[in-house]
There are 2 protein chains.
Amino acid sequence: MGTGLDLPLDEVLLGECISTLKRLPPASVHMIFADPPYNLQLKGTLRRPDDSLVDGVDDAWDQFQSFAAYDAFTREWLIEARRVLRKDGTIWVIGSYHNIFRIGALLQDLGFWILNDVIWRKANPMPNFRGRRFTNAHETMIWAARGPESRYRFNYAAMKALNDDVQMRSDWYFPLCTGAERLRDEAGGKLHPTQKPEALVARVLLASTAPGEVVLDPFSGTGTTAAAARRLGRRYIGIEQDPAYVAASEARLRQVVPMDESAALALPNKREQPRIAFGVLVERGLVPAGSALVDRNRRWRATVGADATLRCGTATGSIHKVGAALQAAPSCNGWTFWHVETADGRLRLLDELRQEIIGRDGG
Amino acid sequence: MGTGLDLPLDEVLLGECISTLKRLPPASVHMIFADPPYNLQLKGTLRRPDDSLVDGVDDAWDQFQSFAAYDAFTREWLIEARRVLRKDGTIWVIGSYHNIFRIGALLQDLGFWILNDVIWRKANPMPNFRGRRFTNAHETMIWAARGPESRYRFNYAAMKALNDDVQMRSDWYFPLCTGAERLRDEAGGKLHPTQKPEALVARVLLASTAPGEVVLDPFSGTGTTAAAARRLGRRYIGIEQDPAYVAASEARLRQVVPMDESAALALPNKREQPRIAFGVLVERGLVPAGSALVDRNRRWRATVGADATLRCGTATGSIHKVGAALQAAPSCNGWTFWHVETADGRLRLLDELRQEIIGRDGG
DNA sequence: ACTAGAAGTGAATCTCTGA
DNA sequence: GTCAGAGATTCACTTCTAG
């Protein structure tokens, strides 16, 4: 056991992933974005949990050995990631067909609850040079909550806004990280083999974190997650075992200018807005006691009581209950069902009146 | 041990998947297409915002006690599938995030060699009605050879021809199986809860089989694989445990008219309409978060958020909504209303920037 | 006959707060 | 922990119905 750390913030920690994770306090980060090694066969740098090197091998038996070693490594860092994750936090893991199936199965085995798999469709993938397969034009990200009961964060309204007011789908289209964004080594080549586009990670952060929350990347690499977090006003912790990448990250992060707080703030979900009781509208005289509410088609007309209950025929109760009863529906959102009639005969939705109050004094 | 079968051709066999597979001779089929149970684990009922009921998959065949039970079942049918597959044959398995990771890991564990994962992007997926996740807009197909040394078939030229003479990518865009193609029960409802579009399976067959070769579907359902195979001049074997589905398949297959290969390759390849959201301009930095947009007369100035929402006074929302709110108009096309200011003080319409992106990579 | 609008539907792990 | 109640939530496409 190494020395435990208080939660270090806005740092890229130099160290091996699993042992460094073990030094972080439990239930301390809001979100984890992980881009783990894809496959031992390709890289040859995979280490067993005891830190011994796994040799590249290609016969069937050793193939199995390799998968087992990869699984052991994956299981161990995922266990630590789950420990470090707050109860209602989520994890994102990106991979390709070489490793993502093993990761997904282990996530499920360890109790994580998959929320979506999200496809990164590459605008400019590398072609298949030998013409023996389909162009490998995507990677897969798994988004999972800590468990099935987690009350995780999903910035639905922000994602919808980002997608021209229709729900964001599970397939995302982004170009590869190229050009000026790509970090270079001294020879002008790419510094890191798999640097991810910052825009991809930014959408992940925008979807599943709030400004000020803490994002952990256990395979930090060139610091893309940290850079996106810093730009969007999130706190970050990176873990990276290669000192050259840590140094490059730090240089990179010094160049990142955080955006204005107001720009980083996403459109709030309606559930997150302050709750206004219908009674407030009555008390403030926007809907006077004794006045009438009608539905969109003026099919029903209900009377408002001084205690903010509605009455329509035999139905009595909250705006929701009466709306549901009249339509014989299992439920009804009274805010978007009932209207007041203005002096000139137009209808105004209760929800509009509520929005005015929220806009005026924040509830 | 049941009685062994000679290879039955162009039949849908009535029987349970694993025991029926065991009766087929080894190394006898060229390709397997499998659409196994997804193990959805749906709990309650789900209603649309209009209170209508969603008809979920609640069939007994999709119920498993645990991941372990699902894995045991999967392992067993995959072992038999591998036995039945010819040495140079390939297998396709389709699934969603509920099951595909387990299937992929087991394929690897059993010695299959993954060639690609292919994404079926749905043109018209069911939305996420509660706004708690991304629209689940795709399913995943894994394509694997029997082993790493297999000399598998891949009809590279045919795929390229189908895709306007560029390499076929690993993300495919198809609509759901609806309308006249969808088999109906006596009440006019869907006969099978998960019938796949024949066009999807047809592309699979065109990619990885030759005319006259034998295609096996161990979860035949309504016989989509058989129908596609018959239409494309391949031989087929289906296995299906529900007699009603077997009967429906046979009626369906009688209607299928075989076509020749050149006609199949000349089929129109419906392309997706490129749709650019304003969020794409923000994410790619063409309109950076925190920057300002103005209208033609510079009467209004709005700030761009990281989620592509605009903010101008109390108005917040999409470029369209904020434009409408400021003008007190019922609607507004934000693309032709808002401008960015260039360094030299000129105005550039958002619509121009969008056209540049469309021209560059189709979004 | 044609068109506009309404109705229906698809592999879905689909809420959250406060008492 | 449970439970009641407030209240948030849909896209693309096909088929049907009314005019």
Side-chain angles (χ1 to χ4, degrees), chain A residues 88 108 112-117 144-145 147-152 154 156-157 160 163-170 268-273 275-279 308 317-321 323-324 329-338 350-351 354, chain B residues 35-59 61-64 67 94-100 120 122-140 175-182 184 188-190 192-197 219 221 272-273 275:
Chain A
D88 293 335
Q108 293 177 314
F112 287 100
W113 190 247
I114 298 181
L115 299 168
N116 280 113
D117 56 338
E149 305 302 326
S150 302
R151 294 209 310 271
Y152 58 91
F154 176 51
Y156 174 77
K160 189 168 172 174
N163 197 38
D164 261 7
D165 286 334
V166 294
Q167 289 192 345
M168 186 70 80
R169 297 168 42 115
S170 57
N269 293 337
K270 233 172 178 185
R271 288 187 199 281
E272 293 169 281
Q273 290 189 325
R275 283 164 79 121
I276 305 281
F278 176 58
S318 70
I319 52 173
H320 316 293
K321 283 276 181 262
S331 70
C332 167
N333 183 345
W335 293 107
T336 53
F337 180 75
W338 292 110
L350 288 190
D351 198 46
R354 174 171 65 160
Chain B
D35 183 10
Y38 284 12
N39 189 23
L40 282 190
Q41 308 173 65
L42 305 179
K43 288 191 201 122
T45 57
L46 179 63
R47 288 174 179 278
R48 299 187 178 81
D50 66 3
D51 275 331
S52 64
L53 212 54
V54 175
D55 184 15
V57 179
D58 55 0
D59 306 65
W61 49 254
D62 201 43
Q63 310 295 326
F64 294 84
F67 283 129
I94 184 167
S96 67
Y97 67 83
H98 309 83
N99 68 328
I100 198 66
W120 168 28
K122 301 180 181 183
N124 46 348
M126 184 156 40
N128 184 287
F129 295 119
R130 298 295 174 188
R132 294 297 296 142
R133 304 180 177 197
F134 299 100
T135 307
N136 198 356
H138 74 276
E139 296 190 23
T140 300
L176 299 176
C177 179
T178 59
E181 187 188 337
R182 189 96 193 208
R184 303 289 167 182
K190 56 190 176 190
H192 189 284
T194 70
Q195 186 181 341
K196 296 293 178 288
F219 305 95
E272 178 190 8
Q273 290 294 97
R275 232 191 65 181

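Lettering follows sequence order; numbering is per chain, from 1.
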What does B:P125 touch in the nucleic acid at a heavy-atom separation under 4.0 angstrom: a base, only the sugar-phosphate, or nothing?
base

C:dT13 to D:dA8 separation - P atoms, rounded to the nearest Å:
23 Å

Rounded distance (Å) that lies between atom C1' of D:dT10 and atom CZ of B:F134
17 Å

Just call it for B:R133: base, sugar-phosphate, or nothing, with non-hydrogen atoms closer than 4.0 Å on any strand.
base

Taking atom C1' of D:dT9 as reference, at what distance in whole Å does atom CG of A:D351 sit?
13 Å

With sugar-phosphate meaning primed atoms plus P, OP1 and OP2, does B:S96 contact a base, only sugar-phosphate, or nothing at under 4.0 Å between heavy atoms?
nothing

Considering every strand and a 4.0 Å limit on heavy-atom distances, what is the contact class for B:K190: base, sugar-phosphate, or nothing?
sugar-phosphate

Pick base, sugar-phosphate or nothing for B:V54, based on heavy-atom distances below 4.0 Å to the nucleic acid.
base

Donor/acceptor link under 3.5 angstrom from B:R48 side chain onto base of C:dG10
yes

Return the value, rounded to whole Å, for the distance between atom CD of B:Q41 and atom C1' of C:dA11.
13 Å

With respect to the phosphate group of D:dT10, does any side-chain polar atom (N or O) of B:R47 fall under 4.0 Å of OP1 or OP2?
no

Distance-minimising heavy-atom pair for A:Y156 and A:N269:
N-OD1, 3.1 Å

Using only modelled atom types and a 3.5 angstrom limit, is any donor from either the side chain of A:T336 or the base of D:dA8 paired with an acceptor on the other?
no

A:S318 and A:H320: side chain donor to acceptor below 3.5 Å
no

Tell me what B:D62 touches on the nucleic acid: a base, only sugar-phosphate, or nothing, going by heavy atoms under 4.0 Å.
base

What does B:G44 touch in the nucleic acid at a heavy-atom separation under 4.0 angstrom: a base, only the sugar-phosphate, or nothing?
base

Is A:R271 near enough to C:dC14 that one of its side-chain N or O atoms lies under 4.0 angstrom from OP1 or OP2?
no

Taking for A:K321 and for A:A157 the nucleotide of DNA chain D with the nearest heavy atom, the one nearer the 5' end belongs to A:K321

Do NZ/NE/NH1/NH2 and the carboxylate oxygens of B:K190 and B:D55 come within less than 4.0 Å?
yes

Protein-nucleotide distance (B:K43, atom NZ; C:dA12, atom C1'), rounded to Å:
12 Å

In Watson-Crick or G-U wobble terms, both distances under 3.5 Å, what is the partner of D:dT14?
C:dA7

Does B:V57 form a side chain to side chain contact (heavy atoms under 4.5 Å, CB included) with B:Y38? I'd like the steps, not just the answer.
CA-CA 10 Å; B:V57 179; B:Y38 284 12; over 6 Å; no

Heavy atoms only, 4.0 Å cut-off, all strands: where does A:W338 land among base, sugar-phosphate and nothing?
nothing

Using the six-membered ring for Trp and the full ring for Phe, Tyr or His, decide whether B:F129 stacks on the six-membered base ring of C:dC14 (centres under 5.5 Å, planes under 30°).
no

Value in whole Å for how far the P atom of C:dA11 lies from CG of B:L176
5 Å

Rounded to whole Å, CD of B:Q195 lies from P of C:dT9 at a distance of 16 Å

Rounded to whole Å, the OH-P distance (B:Y97 to C:dC14) equals 7 Å

At under 4.0 Å, does any side-chain N or O of A:S318 touch on OP1 or OP2 of D:dA6?
yes

Within 45° cone and under 6.0 Å: B:R132 NZ/CZ vs A:Y152 ring:
yes

Whole-Å distance between D:dA6 C1' and A:R275 CZ?
5 Å

Respond yes when some side-chain nitrogen or oxygen of A:Y156 is under 4.0 Å from OP1 or OP2 of D:dT10, and no when none is.
yes

Is B:R184 near enough to C:dT9 that one of its side-chain N or O atoms lies under 4.0 angstrom from OP1 or OP2?
no

Applying a 4.0 Å non-hydrogen cut-off, can you work out what A:L115 is touching in the nucleic acid: base, sugar-phosphate, or nothing?
nothing

Taking only the side-chain heavy atoms of A:K270 (C-beta and beyond), determine which of D:dA8, C:dC16, D:dA12 contains the nearest atom.
D:dA8

Could you tell me whether the phosphate oxygens of C:dT17, OP1 or OP2, come under 4.0 Å of any side-chain nitrogen or oxygen in A:R151?
yes

Check whether any side-chain nitrogen or oxygen of A:N333 sits under 4.0 Å from OP1 or OP2 of D:dA8, and answer yes or no.
yes

Mind checking if B:P36 touches a base, just sugar-phosphate, or nothing, with heavy atoms under 4.0 Å?
base

Please state whether the phosphate of D:dT10, meaning OP1 or OP2, lies under 4.0 angstrom from any side-chain nitrogen or oxygen of A:K160.
yes

With side chains defined as the heavy atoms from C-beta onward, is the minimum distance between B:L46 and B:M126 less than 4.5 Å?
no

Ranking C:dA12, C:dA11, D:dC13 by distance to the side chain of B:M126, first place goes to C:dA12

Would you call the rings of B:H192 and B:W61 parallel, tilted or perpendicular if under 30° counts as parallel and over 60° as perpendicular?
parallel

Assign B:G179 to base, sugar-phosphate, or nothing according to its heavy-atom contacts below 4.0 angstrom with the strands shown.
sugar-phosphate

Assign B:D35 to base, sugar-phosphate, or nothing according to its heavy-atom contacts below 4.0 angstrom with the strands shown.
base

Select base, sugar-phosphate, or nothing to describe what A:A277 touches, counting heavy atoms under 4.0 Å on all strands.
nothing

Mind checking if A:R169 touches a base, just sugar-phosphate, or nothing, with heavy atoms under 4.0 Å?
nothing

Out of C:dT9, D:dA8, C:dT13, which has the shortest distance to the side chain of B:S52?
C:dT9

Just to confirm, is there a sub-4.0 Å distance from OP1 or OP2 of D:dG7 to any side-chain nitrogen or oxygen of A:H320?
yes

With syn defined as a glycosidic angle within 90° of 0 and anti as the rest, where does C:dT13 land?
syn

